[in-house]
Student: 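Let me begin by handing over the structure; questions about it come next.
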2 protein chains.
Amino acid sequence: MAAGRVTIIDVARETGISVSSVSVALRGEPGVSDATRSLVLAAADRLGYQPDRRARGLRERRSRVVGVTFGLHQTFHAALVESLYDAAAGQGLDLVLSATTPGRDVAAAVDSLRHERCDAVLLVSPDVDAATLAELGSRQPTVLVGSDLTAPGVDTVRADDDAGMALLVGHLLERGHRTISFVDGGDAAMGATRREGYRRAMRAHGLEREIDVLPGDPSEDAGVRAATMLLARHAPPSAVLAHNDMIATGLLLTLRSAGVAVPEGLAVAGYDDTRLGALSSIDVTTVSQEPARLAEEALRLALSRAEGRSAGEASVVVPPRLVIRSTT
Amino acid sequence: MAAGRVTIIDVARETGISVSSVSVALRGEPGVSDATRSLVLAAADRLGYQPDRRARGLRERRSRVVGVTFGLHQTFHAALVESLYDAAAGQGLDLVLSATTPGRDVAAAVDSLRHERCDAVLLVSPDVDAATLAELGSRQPTVLVGSDLTAPGVDTVRADDDAGMALLVGHLLERGHRTISFVDGGDAAMGATRREGYRRAMRAHGLEREIDVLPGDPSEDAGVRAATMLLARHAPPSAVLAHNDMIATGLLLTLRSAGVAVPEGLAVAGYDDTRLGALSSIDVTTVSQEPARLAEEALRLALSRAEGRSAGEASVVVPPRLVIRSTT
DNA sequence: TTGTAGGCGTTATCAC
DNA sequence: GTGATAACGCCTACAA
């Protein structure tokens, strides 16, 4: 009960050993006898001692904590955060999360992290303009994940979405589709890149005249709206690509409840390879951004920038992977 | 660029005013002349000064930060966290998030928060046993949200799921249903309560013999499996309640693709009133736990416990709200 | 191997 | 109204 107020001094008093020796013993550093160390460790455990990260960070001038902003309702962000936890554990780092919501923008999320004095901040596909990004990135080591924005001093890690769209278009062509529409992600992160990737891939196959971009945003509702539009057409396409899996899910649900067979009547593909799309009742063809890889690279860049080992801006681009499922 | 390393000392030097006066001026406390204050504020802004929360917390022995653990892939948790942000902003608090994932359990998430020395920790529908909860709750002020577990010194805020199930059963009875099955949530938070709430409501209407609990867990796939079982029956029920909206979604998708009309052939209802269930292509009848209300109560309890104004365990139960949509 | 003396950035106390 | 000073909990010298 009284724990959380246990300090290193309590451990020292309990063992009769000096504070500095306790500190050394606790951190597993050499410079203390085995007997002393086990004594200290036992006492710390008994007392429920947890080092105060604030005090440690204050003194060490670094916290080994990386802040992460992400969209609370974005399934891909969740996947990336999960990978970040895995990668962080492997590098002895801890993560602190700050979410963006419809009522809390990236700047607010980053501000909260700034107060916390993280060593670095990771922005997962943030919904910001270039000017804001530059402003945010100027205040602390910052790495952008899953976005192709750039700002001075801000590193970027992202998947090659241009290649990803080419994979999808190629796959659909192999399946015999030629009329392939695209549901847009609006001004979401990577929105323009995926849209242009789709256009480029279509042109590369001589399908310039079939290019068809439906308006949207990164939400299931956008998929629902797009499906409704398609159903109202007298000459719908034979396949639809979506900016992400959430949109694809909205598409699928609406199409199926309208009695359209997928993929026979209309093929559908998403993007991001999220849990949502992998559900057996969705099971949508998609492209993986390889979040584990993105997470690892992002933390690596964040650390080297935090330690001042970076100059200019690094940009890591990870190759995507096609995930074929039942909707194509 | 160099910001984030701007300290109160820099502001003092810049203005030629003492550190203590700068501190007072910055916090808007009385005890400093208006001229001094505006001088300080201007300099702080110019330098991009942000107080270091670690140092402040160290000194003040409280951080005005509340830690929150939540399931990264649970849609209801996301809704609750969003409400928590709103409520926290209203109370001058900041939130620090620590997620649980398949590879990171509640204990790990709480540990991370403990290092951070939050004033209190909120556990959103944690997946823990009573012993672990008691252990976690003994270390710092802890409030449980959306769970009916109990532990010494741990406050609880939750919706009245027993009443919620009664609302749903009552609603279905009004619609003329008598054979109402229930798809279980397994050992998820509130799993037992909802199952028993269903049973109790059925018994209250003399429908004890119609009680029918299908096994499940809080996932869409559980809904898919349950629907498959129902479809194989020669005497299926006329309505199905699900432990949550995700299960209900799995049910709906499977039923519809099997050609069952909803609600005519089979009525379906979920629980939690999540974004997923609100989609126009799902549009499932459900029960809201009133997350805004839960969030407010949770923070209130967290604060009073952090300030030592609590004794024993508080338990706040919020009345649920029926949300009728097209599936019933 | 162990103990002592700063100092990290802040705020509270107490002089002036 | 203003400014020195100590203390929060910890770690890194440096001294014993």
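Per chain, numbering begins at 1; letters A, B, ... match sequence-line order. Side-chain atoms are counted along with the backbone in the values below, which use heavy atoms only and exclude waters and symmetry mates.
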Student: Could you tell me whether A/Glu60 and A/Arg62 have a side-chain N and a carboxylate O separated by less than 4.0 Å?
Tutor: no
Student: Using a heavy-atom distance cut-off of less than 4.0 Å, which residues of residues 20-32 of chain B contact DNA chain D?
Tutor: B/Ser20, B/Ser21, B/Gly31, B/Val32
Student: If the condition is side-chain hydrogen bond (donor to acceptor under 3.5 Å, both in side chains), which residues does A/Ser21 pass it with, not counting sequence neighbours?
Tutor: A/Ser18
Student: Using the side-chain contact (heavy atoms from CB on, under 4.5 Å) criterion, which residues pair with A/Ala302? Sequence neighbours excluded.
Tutor: A/Ala120, A/Leu122, A/Val143
Student: Starting at the 5' end of DNA chain C and moving along, which residue's nearest nucleotide shows up first, B/Val19 or A/Ile17?
Tutor: A/Ile17
Student: Which residue pairs pass the salt bridge (Lys or Arg N to Asp or Glu O under 4.0 Å) test when at least one of the two sits in residues 11-24 of chain B, sequence neighbours left out?
Tutor: B/Asp10-B/Arg13, B/Glu14-B/Arg46
Student: Between A/Arg305 and A/Asp155, is the closest basic N to carboxylate O distance under 4.0 Å?
Tutor: yes
Student: Mind checking what makes side-chain hydrogen bond (donor to acceptor under 3.5 Å, both in side chains) contact with A/Thr15, not counting sequence neighbours?
Tutor: none
Student: Keeping to residues at least two apart or across chains, list the salt bridge (Lys or Arg N to Asp or Glu O under 4.0 Å) pairs with something in residues 27-43 of chain A.
Tutor: A/Arg27-A/Glu29
Student: Between A/Thr142 (side chain) and A/Gln140 (backbone), is there a donor-acceptor pair under 3.5 Å?
Tutor: yes
Student: Considering only residues two or more places apart or on different chains, which pairs with a residue in residues 75-96 of chain A satisfy salt bridge (Lys or Arg N to Asp or Glu O under 4.0 Å)?
Tutor: A/Arg53-A/Asp94, A/Glu82-A/Arg275
Student: Sequence neighbours left out, what passes salt bridge (Lys or Arg N to Asp or Glu O under 4.0 Å) with A/Arg61? Give chain and number order.
Tutor: none
Student: Pick the closest DNA chain D nucleotide for B/Arg59 and for A/Ile9 by heavy atoms, then say which residue is nearer the 5' end.
Tutor: B/Arg59
Student: Assess the residue pair A/Glu297 and A/Arg293 against the criterion (salt bridge (charged side-chain N to carboxylate O under 4.0 Å, His left out)); give the C-alpha distance rounded to whole Å, side-chain angles, the decisive distance to 0.1 Å, and a yes or no.
Tutor: CA-CA 6 Å; A/Glu297 296 284 356; A/Arg293 184 74 196 289; 3.5 Å; yes
Student: Using five pairs at either end of the helix from C/dT1-D/dA16 to C/dC16-D/dG1, determine the angle between the two local helix axes and round it to 10 degrees.
Tutor: 50°
Student: Looking at residues at least two apart in the chain, or sitting in another chain, which of them share a side-chain hydrogen bond (donor to acceptor under 3.5 Å, both in side chains) with B/Ser98?
Tutor: B/Arg104
Student: Identify the 5'-most and 3'-most nucleotides of DNA chain C with at least one atom closer than 4.0 Å to a non-hydrogen atom of chain A.
Tutor: C/dT1 to C/dG9
Student: Assign each of A/Asp52 and B/Gly16 to its nearest nucleotide of DNA chain D by heavy atoms, then name whichever residue's nucleotide is nearer the 5' end.
Tutor: B/Gly16
Student: Nucleotide range of DNA chain D contacted by chain A, 5' to 3', under 4.0 Å to a heavy atom?
Tutor: D/dG9 to D/dT12
Student: Atom CG in B/Asp272, atom CD in B/Gln74: separation rounded to 0.5 Å?
Tutor: 9.0 Å
